[in-house]
Amino acid sequence: MANKEVIVRFPPSPTGYLHIGGARTAIFNWLYARKHNGKFILRIEDTDAERSTAESIEGIIDGLTWLGLDWDEGPYFQSEFAEEHKMVAQRLLDEGKAYKCFCTKEELEAKRKKALSEKRDIKYDGTCRNLSPEEIAQKENEGIPYVVRFKVPKREGKIGYDDKVLGRIEKSYSDIEDFVIVRSNGKPLYILCNVVDDIRDRITHIIRGQDHMTNTIKQILLYEALGKKPPVFAHMPLTLDLQKRKISKRTHGEVVSVQWYREMGFIPWALVNFLVLLGWNPGTDQEIFTKEELIQAFSIERINKSNSVFNYRKGDPKFFTDPKAISINAWWLRHLPIEEIASMIKDDFIKEGIWDDAYEGEKREWFLHTLDLIRSRFHTLRDFARLGRAYFADDFEIDPKALKKNVLKHPELKELLPELANALENVDPWDLETTEDALRGFCEDKGIKAGLVINGLRTVVTGQLKGPGIFDVMVAIGKERVIKRLKESVSLFK
RNA sequence: GUCCCCGUCGUCUAGCCCGGUCCAGGACACCGGCCUUUCACGCCGGCAACAGGGGUUCAAAUCCCCUCGGGGACGCCA
């Protein structure tokens, strides 16, 4: 039994930040490699020098690292192999498998327009395919620039391959145009470089978007011309928006950028978990996966054929991205060990000015307990430092709606709350039981409903309309702070 | 226009290959209820789909054909 080695790659072009569509492609490749104990190679396809940027390279690497998609080789840079690409192009030329084309961009553009207006096919017409050696020499002597085109074999019938997700894909030779493999400035194009690199890297499986399907047929021709066996191809469905347009940074903005999810307080694995479900499922009802479970469950065969829609409504105040993504994030937020959540929110706490080194020292137990107490109401990591600020700092804002409903609507609280503060002064120890006894006793003495005081207390102490059980809140926030906030509540009544 | 791919609830999807167990299952969202003197979590319940039309068959979401719809590619971008 030959041990079937698996080598896959993720080849982003560094022309923008890591996009969730690109991340999804990376995830599928990475999973496939991990599942089969193979290799995952990162290769930056920077042949388009004008559009490639260093920031973009950094952004892509950051994004992949944040998501936890580790690679085994690379990052390689396609530009470093430019000589090899040129040599291969020359070889194709020498072997008569490619030819020089002297048609100008303008001529080609005019032909395309004409064909389109006459409702004809707009393939290259092969003008330069049969130039004689003399004609070629003459044009070269005249210094006319040329591109190199691949000479698609004139054969009857079809060429095809077995796509791992789509099944048998075929195309007639006559439907394939003689495509350009080298620019007039001498630089080989993606379609060729990609094949050369994949051969050198011994790539066994190419998992990429369906938008590459026409390239695939051409690249198979290239493999054949180079005498190499093509790898296995699997074309995954695309991710579209609600209007069924391909999602892009340009039209959709930051909501498609991986970086943005980090800023919005996503747990990286939750994003992976969400993204993998777009176009793939395990065949069971399971939707939440740990890394190990996902690697175990993943298979190319279960990748869908049809495109999926990224359910994002611009401007929806409740859902800043696909609701399912948020719900998966919220799930992980309340199920991950609280220690992990703690380390994930540290930077944000520092940024918000509410970090205390004691949270990693003598206050650690209190810190973890408090995070655990409040997390079930949150959707993102950011919520801890925003909605939960009152647990960690005294300069928190009071939600106007909560203030109105739970406090201002009940003028009697202006007196009651400070009185409650006094009543609480003597509570010792300060725990769930003693605080509850004190509060209920206070309400009984005053002959008022506990709910009135509880709700007012919650708002004054946490700034929120909702939250954990009030006695848990009192214990978490601490006697001193509770009393202080109750006393200061007088100023809320203006 | 040409070529290629796809078409199950609002969205992600199971089922389709190997017809009956599917008056179509799960998840998210939404709506109700329980729990909670709040809210969330949790639990229970509800709403909601086989694009259309023909065929084949005792029987079709599942097989065949057509129509319609959607997407992709058609760059000296990747």
Side-chain angles (χ1 to χ4, degrees), chain A residues 11-15 45-48 50-52 78 101 103-105 108-109 112 115-124 145-149 163 165-167 169-172 174-177 179-191 193-194 209-217 235 237-238 240 242 244-246 274 277-288 304-313 318-319 322-328 330-331 334 374-379 402 405-406 449-455 458-459 464-470 473:
Chain A
S13 63
T15 54
E45 308 236 319
D46 55 349
T47 44
D48 186 355
E50 288 100 70
R51 295 200 300 152
S52 299
Q78 190 162 59
C101 169
C103 297
T104 65
K105 277 183 187 175
L108 293 171
E109 192 49 43
R112 269 187 214 113
L116 214 48
S117 68
E118 289 172 6
K119 297 193 185 293
R120 282 191 351 260
D121 192 5
I122 55 180
K123 288 198 302 284
Y124 177 61
Y146 62 85
V147 298
V148 177
R149 285 183 185 273
D163 192 290
V165 349
L166 263 12
I169 303 294
E170 292 183 318
K171 193 157 186 168
S172 300
S174 57
D175 285 333
I176 310 167
E177 70 173 343
F179 52 94
V180 177
I181 55 175
V182 182
R183 296 177 172 94
S184 55
N185 65 6
K187 291 186 177 171
L189 284 160
Y190 160 82
I191 197 139
C193 301
N194 195 242
Q210 286 181 12
D211 50 346
H212 280 284
M213 282 206 291
T214 41
N215 286 334
T216 299
I217 287 285
H235 290 97
L238 268 17
L240 313 174
L242 282 165
K244 300 281 177 73
R245 297 174 304 185
K246 227 170 120 175
F274 165 71
L277 257 15
L278 246 35
W280 174 86
N281 75 81
T284 66
D285 286 342
Q286 186 174 3
E287 296 201 313
I288 298 289
N304 278 175
K305 294 181 177 181
S306 49
N307 296 337
S308 50
V309 170
F310 177 63
N311 190 16
Y312 162 66
R313 288 164 209 282
K318 192 165 175 190
F319 300 108
D322 190 313
K324 189 136 187 171
I326 296 175
S327 93
I328 290 176
W331 192 93
R334 77 184 100 88
I374 59 184
R375 67 168 154 174
S376 77
R377 262 149 292 255
F378 296 162
H379 296 109
K405 185 181 173 194
N406 287 344
K449 279 165 66 181
L452 174 72
V453 174
I454 289 174
N455 288 331
R458 171 175 297 109
T459 296
Q464 300 290 308
L465 190 56
K466 45 199 185 181
I470 195 63
V473 169

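Sequence lines set the chain letters: A, B, ... in the order given, protein chains first and strands last, and positions in each chain run from 1.
B/G7 is paired with B/C68 under the criterion used here, namely a Watson-Crick or G-U wobble arrangement in which both key atom distances are under 3.5 Å. Searching all strands for a Watson-Crick or G-U wobble partner of B/U2 with both distances below 3.5 Å returns B/A73. Across the strands present, B/C22 finds no partner; the criterion is a Watson-Crick or G-U wobble pair with both atom distances under 3.5 angstrom. Searching all strands for a Watson-Crick or G-U wobble partner of B/G42 with both distances below 3.5 Å returns B/C34.
For the pair A/Arg313 CZ and B/U11 P, the computed distance is 9 Å after rounding to whole Å. Look at CG on A/Asp285: it is 7 Å from P on B/A27, rounded to the nearest Å. We find that CD1 of A/Ile326 is positioned 15 Å from C1' of B/C12, with the value rounded to whole Å. Between the CD1 atom of A/Ile288 and the P atom of B/C12 there is a distance of 18 Å, rounded to whole Å. Rounded to whole Å, atom P of B/G72 lies 15 Å from atom NE2 of A/His235. At whole-Å resolution of the value, CG in A/Asn304 and C1' in B/C5 are 13 Å apart. Taking atom CD of A/Gln286 as the reference point, atom C1' of B/G25 lies 17 Å away to the nearest angstrom. Rounded to whole angstrom, the span from the CD1 atom of A/Ile328 across to the P atom of B/G26 amounts to 18 Å.
In terms of modelled atom types and a separation under 3.5 Å, the side chain of A/Asn304 and the main chain of A/Ser306 share no donor-acceptor contact. With A/Asp211 contributing its side chain and A/Leu238 its backbone, the two residues share no donor-acceptor pair below 3.5 Å. No donor-acceptor pair closer than 3.5 Å links the side chain of A/Arg183 to the backbone N or O of A/Leu189.
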Might you list the N or O atoms of the protein lying below 3.5 Å from N or O atoms in nucleotides 42-50 of chain B, with each pair's distance?
residue: B/G42; atom: OP1; partner: A/Arg334; partner atom: NH1; Å: 3.2

Using a cut-off of under 3.5 Å, enumerate the N/O to N/O pairs linking the protein to nucleotides 64-70 of chain B.
none

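Residue contacts for A/Gly469: at a heavy-atom cut-off of 4.0 Å it reaches a base atom on one of the strands shown. Residue A/Glu170 is classed as a sugar-phosphate contact, given heavy-atom separations below 4.0 Å to backbone atoms only. Heavy atoms of A/Leu465 sit under 4.0 angstrom from at least one base atom. In this structure, A/Pro468 reaches the bases: a heavy-atom distance under 4.0 Å links it to at least one base atom across the strands shown.
Using atom P as the reference point in both B/U62 and B/U8, the two lie 13 Å apart (nearest Å). A gap of 26 Å separates the P atoms of B/A49 and B/C43, to the nearest Å. For the C1' atom pair drawn from B/C77 and B/G72, the interatomic distance equals 16 Å after rounding to whole Å. Taking atom P in both B/A60 and B/G20, one finds a spacing of 11 Å when rounded to whole Å. Comparing B/G25 with B/A14, their P atoms are spaced 15 Å from each other, to the whole Å. Taking atom P on both B/A48 and B/G54, the two are 25 Å apart, rounded to the nearest angstrom. Separating the P atom of B/A29 from that of B/C76 is a span of 47 Å, rounded to the nearest Å. For the C1' atoms, the distance linking B/C23 with B/C9 amounts to 15 Å, nearest Å.
A/Asn311 is linked by a side-chain contact (heavy atoms from CB on, under 4.5 Å) to A/Leu242, A/Arg313, A/Asp322, A/Pro323, counting only residues two or more places apart in sequence or in another chain. For A/Asn307, there are no side-chain hydrogen bond (donor to acceptor under 3.5 Å, both in side chains) partners two or more places apart in sequence or in a different chain. Applying the side-chain contact (heavy atoms from CB on, under 4.5 Å) test to A/Lys123 and every residue at least two apart in sequence or in another chain returns A/Asp121, A/Asp175, A/Glu177. Partners of A/Ser174 under the side-chain contact (heavy atoms from CB on, under 4.5 Å) rule, at least two apart in sequence or in another chain, are A/Ser172. Contacts of A/Gln78 classified as side-chain hydrogen bond (donor to acceptor under 3.5 Å, both in side chains), with partners at least two apart in sequence or in another chain: A/Glu45, A/Thr47, A/Asp197. Taking A/Tyr124 as the reference, nothing meets the ring pair (Phe, Tyr, Trp, His ring centres under 6.0 Å) condition, with sequence neighbours excluded. A search for ring pair (Phe, Tyr, Trp, His ring centres under 6.0 Å) contacts involving A/Phe378 returns A/Phe384, not counting sequence neighbours. Annotation: side-chain contact (heavy atoms from CB on, under 4.5 Å) contacts of A/Thr284 (sequence neighbours excluded): A/Pro282, A/Gln286.
Contact detail for A/Pro145 and A/Ser184: the closest heavy-atom pair is CB-CB, 4.2 Å. When all heavy atoms are compared, the tightest approach of A/Leu166 to A/Gln210 is CD1-NE2, 3.8 Å. Smallest separation of non-hydrogen atoms from A/Ser308 and A/Gly279: OG-N, 4.2 Å. A/Ile122 approaches A/Arg112 most closely through the heavy-atom pair CG2-O, 3.6 Å.
When each of A/Ser172 and A/Pro237 is assigned the nucleotide of RNA chain B with its nearest heavy atom, A/Ser172 is the one assigned upstream, toward the 5' end. In this structure, A/Lys305 and A/Leu238 both approach RNA chain B, and ranking their closest nucleotides by distance from the 5' end singles out A/Lys305.
For A/Val309, the listed nucleotide lying nearest its side chain is B/C12; candidates were B/C4, B/G10, B/C12. Set against B/C5, B/A40, B/G7, the side chain of A/Arg377 has B/A40 as its closest nucleotide. Side-chain atoms of A/Asn281 lie closest to B/A14 of the nucleotides B/U11, B/A14, B/A40.
In the model, A/Asn406 has a side-chain atom that pairs as donor or acceptor with a side-chain atom of A/Thr459 under 3.5 Å.
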In B/S/- notation (B base, S sugar-phosphate only, - none; protein heavy atoms under 4.0 Å), nucleotides 73-78 of chain B written 5' to 3' is SBSBBB

The contact string for nucleotides 28-33 of chain B, one letter per nucleotide 5' to 3', using protein heavy atoms under 4.0 Å with B, S and - for base, sugar-phosphate only and none, comes out as SSS---

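You'll find the side chain of A/Glu287 reaches within 4.5 Å of the side chain of A/Lys324, heavy atoms only.
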